[in-house]
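Here is the structure we will look at.
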Amino acid sequence: MPPDVAPGRALLSVRALTASYRGLAALHGIALDVAAGEIVAVVGANGAGKSTLLRAIAGQMQTGGDIVFDGTKLQRLAAHRISRMGVALVPEGRRLFMRLSVEDNLRLGAYARHGPDRFGPLDLVYELFPRLRERLAQRAGTLSGGEQQMLAIGRALMTSPRLLMLDEPSQGIMPRLVDDILAAVERIRARGVTILIVEQRLVETLAIADRAYVLQTGRVVMSGAAREIASDAEVRRAYLGM
Ligand code: ATP
């Protein structure tokens with residue numbers, strides 16, 4: 001399936017991507033593009049390979065094929081170097097330091113940055129998530145699910161990413177907060193950060209995405225404008241129960 005971004009416009013370009021767990025293939029040749037400034041959604045059933053795709057881009061597993069970010073091949077680069085190049089992953093389950101304070105979690109997000117402006121992104125994080133500023137001294141483990149997700153996103157923003165990848169940010173969050181999180185994702189994009197998001201909440205996510213890829217057992221089976229994917233009869237039947 002041809003990717004949908006004009007040649008030369010992709011900030012992230014993935015081709016023939018394969019990845020496996022102890023010999024068991026989880027991705028079978030994925031092609032995907034993300035242009036600068038886009039919100040791109042990756043959707044699909046449990047086990048389709050969505051998390052694996054994000055982990056592969058973040059350098060957390062061995063892969064075959066090509067991953068090119070802003071003209072540089074990411075494969076064989078260590079995860080911390082990929083992070084320094086401007087690729088951040090907010091992992092599924094958030095993985096915060098639950099016994100540390102909100103402020104310490106955020107500051108740890110800047111561990112790889114140096115210089116006087118090291119904690120500069122804090123202003124943006126507080127602007128996006130005023131609740132975090134109100135709870136700076138609180139332990140991360142005492143926050144609500146929604147606040148923990150804000151903190152996980154805030155921590156990723158401390159690396160000043162150009163590409164922010166989010167793995168199921170709505171997981172474990174009260175329904176009324178899901179819209180808040182997705183609205184924050186839109187505001188982050190408005191600040192010039194490109195977004196690649198994996199979500200089970202299809203309707204809400206496709207509403208903020210420009211384009212989407214549908215994954216099935218490690219393959220892209222459909223891609224296109226998010227609006228078209230959202231109205232596709234097969235997608236609605238398979239994933240929306242409609
Ligand atoms: P979910 O929504 O359930 O997280 P997903 O689309 O993100 O699903 P992945 O987690 O990427 O899917 O899983 C893709 C395949 O790889 C599945 O068959 C899964 O069982 C397998 N897999 C994922 N993580 C591991 C692991 N750590 N060890 C072995 N197999 C794994």
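We count ligands from 1, going down the list as the structure has it; atoms in each ligand are counted the same way. Note that the coordinates shown come from a computational prediction; the quantities given were computed from them, not determined experimentally.
Taking a cutoff of 4.0 Å between a charged side-chain nitrogen and a carboxylate oxygen, Asp210 and Arg189 qualify as a salt bridge. Between Asp33 and Arg15 there is a salt bridge, since at least one side-chain N of the basic residue sits less than 4.0 Å from a carboxylate O of the acidic one. Between Lys50 and Asp167 no salt bridge is recorded (no basic side-chain N to carboxylate O distance below 4.0 Å).
Partners of Asp179 under the side chain to side chain donor-acceptor pair (under 3.5 Å) rule, at least two apart in sequence or in another chain, do not exist in this structure.
When only modelled atom types and interatomic distance are considered, Ser170 and Glu199 share a side-chain donor-acceptor pair under 3.5 Å.
Listed as neighbours of ligand 1 are Tyr21, Ala26, Ala45, Asn46, Gly47, Ala48, Gly49, Lys50, Ser51, Thr52, Arg55, Glu92, Glu168, Gln200, each bearing a heavy atom under 4.0 Å from the ligand.
The one candidate from Arg133, Arg187, Arg191 that meets the side chain to side chain donor-acceptor pair (under 3.5 Å) condition with Glu127 is Arg191.
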